[in-house]
Chemist: 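The following block contains the structure, expressed as structure tokens.
Order of appearance sets the numbers: ligands from 1, and atoms from 1 within every ligand. Any value given below was found using the heavy atoms of this structure, including those in side chains, with hydrogens, waters and symmetry copies removed. In this chain, numbering begins with 1 at the start of the sequence shown.
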Amino acid sequence: MNQNTTIDTDRLPKHLAIIMDGNGRWAKQKGMLRVFGHENGTKAVRETVEASAKLGIENLTLYAFSTENWNRPKLEVDTLMKLLVNSLKNELPTLQNNNIKLSTIGNTNQLPESARKQLDEVIEITKNNTRMTLTLALSYGSREEIVSAVKAISEKIKTNNLEISDISESTINQHLYTSNLPDVDLVIRTSGEQRISNFLLWQVAYAEFYYTDILWPDFREKDLHEAIISYQKRERRFGKTSEQIK
Ligand code: FPP
């Protein structure tokens, strides 16, 4: 295979974030209810998680449920919560076999107790796994995350545990849900939509974006590989000139 079709495993994104979009449209195309799309979306989740670990990606973050998604019809929200609980139960062996640690970002206190219990259990069981960190963004909103960081930082100033002059980018990083994760290198969004939807606004400052028309339930290992190959063809300059990078 030539250079254009193979993945250079020395230059993988350290942090890949995915906006899994198009479940509803996928179901509608088949004349089915939206929840059928979400059910099939879980298969794409499994394949993507396994394929990412196999490649050697160290951090994978999936946008599974946004703060705004609470406004969806009750049947859809309830189904998504049930799917989350069932997937966590069913996929624990996948996480263990692949040495994957589960983590979450978001206001998970808002989740139903069954989901929180299941999450806590899987997080505890997988906490020493080292190959890849899989982070589920659940009841997640980036603006809400930034507000909560500002509150925590303000509290430290108020109680004389931090000087205003000492606030830096690193202070903000340390107070975000993602404090243990590197910046995002690559964002993939499926379904043809090209927007960020309140996802990791601070963390994507220098990320590359990859959009595909594929609807999330149809997203497969080959599609992940295509996205990584596209990422590897780009020149990331971080504000410098092309000559400086070379
Ligand atoms: C967006 O499609 C998808 C979601 C809001 C939920 C994503 C959930 C899953 C893939 C399944 C469960 C996840 C885990 C981690 C077990 P959409 O409903 O907005 O699609 P549409 O834009 O076509 O309506």
Side-chain angles (χ1 to χ4, degrees), residues 16-53 57 59-96 98 100-108 110-112 114-123 126 132-142 177 187-200 211-221 223-224:
L16 167 63
I18 306 184
I19 303 176
M20 310 180 288
D21 198 7
N23 293 353
R25 277 163 284 166
W26 186 89
K28 201 172 166 198
Q29 281 176 3
K30 295 183 161 39
M32 304 293 280
L33 292 175
R34 295 176 55 79
V35 293
F36 183 65
H38 296 314
E39 281 161 17
N40 282 276
T42 61
K43 294 176 194 161
V45 169
R46 183 190 309 126
E47 185 154 333
T48 303
V49 168
E50 285 193 285
S52 300
I57 289 172
N59 299 284
L60 172 66
T61 299
L62 301 178
Y63 205 3
F65 196 86
S66 72
T67 43
E68 291 76 21
N69 287 154
W70 289 113
N71 298 321
R72 290 196 173 191
K74 188 174 180 314
L75 169 71
E76 186 166 342
V77 172
D78 289 350
T79 304
L80 280 166
M81 292 302 141
K82 272 190 210 132
L83 279 177
L84 174 66
V85 174
N86 290 342
S87 299
L88 288 166
K89 276 188 191 148
N90 296 338
E91 301 308 329
L92 180 59
T94 309
L95 297 180
Q96 289 296 73
N98 289 286
I100 299 169
K101 172 178 163 170
L102 183 77
S103 144
T104 59
I105 52 173
N107 192 353
T108 48
Q110 287 192 325
L111 298 175
S114 55
R116 268 186 291 131
K117 257 183 73 183
Q118 196 60 47
L119 276 168
D120 287 346
E121 201 177 308
V122 178
I123 288 170
T126 61
M132 183 175 88
T133 298
L134 167 64
T135 303
L136 297 181
L138 290 164
S139 192
Y140 175 85
S142 188
Y177 295 133
V187 178
I188 298 175
R189 183 167 189 151
T190 57
S191 90
E193 306 291 353
Q194 302 192 359
R195 52 177 175 263
I196 191 69
S197 302
N198 202 12
F199 188 44
L200 302 171
Y211 300 107
T212 168
D213 287 339
I214 293 166
L215 303 176
W216 178 252
D218 288 332
F219 193 81
R220 289 292 168 267
E221 184 167 20
D223 304 310
L224 173 72

Chemist: Which atoms form the tightest heavy-atom contact between L215 and G22, and what is the distance?
Modeler: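 Of all heavy-atom pairs spanning L215 and G22, the closest is CB-O, 3.8 Å.
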Chemist: With the criterion set at N/O pairs under 3.5 Å, what does the list of contacts between the protein and ligand 1 look like, atom names and distances included?
Modeler:
unit_1, atom_1, unit_2, atom_2, d
ligand 1, 2 (O), G22, N, 3.4
ligand 1, 2 (O), N23, N, 3.4
ligand 1, 18 (O), R34, NH2, 2.8
ligand 1, 18 (O), R72, NH1, 2.8
ligand 1, 19 (O), D21, OD1, 3.4
ligand 1, 19 (O), R72, NH2, 2.8
ligand 1, 20 (O), G22, N, 3.3
ligand 1, 20 (O), N23, N, 3.2
ligand 1, 20 (O), G24, N, 3.0
ligand 1, 22 (O), D21, OD1, 3.1
ligand 1, 22 (O), R25, NE, 3.4
ligand 1, 22 (O), R25, NH2, 2.9
ligand 1, 23 (O), G24, N, 3.3
ligand 1, 23 (O), R25, N, 2.7
ligand 1, 23 (O), R25, NE, 2.8
ligand 1, 24 (O), R34, NH1, 2.9
ligand 1, 24 (O), R34, NH2, 3.1

Chemist: Do side-chain atoms of R189 reach the backbone of Q194 as a donor and acceptor pair under 3.5 angstrom?
Modeler: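 Here the side-chain-to-backbone pair does not exist.
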Chemist: Quiz question: by atom type and distance under 3.5 Å, do the side chains of S139 and W70 form a donor-acceptor pair?
Modeler: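 Judged by distance alone, the side chains do pair up.
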Chemist: In Å, rounded to the nearest 0.5 Å, how long is the span from CZ of R72 to CG of L80?
Modeler: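 Going from the CZ atom of R72 to the CG atom of L80 covers 7.5 Å.
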Chemist: Distance-only, no hydrogens or angles: does the S66 side chain make a donor-acceptor pair with backbone N or O of E68 under 3.5 Å?
Modeler: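 Flag set: sc S66 to bb E68 pair under 3.5 Å.
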Chemist: Does L102 form a side-chain contact (heavy atoms from CB on, under 4.5 Å) with L136? I'd like the steps, not just the answer.
Modeler: CA-CA 8 Å; L102 183 77; L136 297 181; 4.0 Å; yes
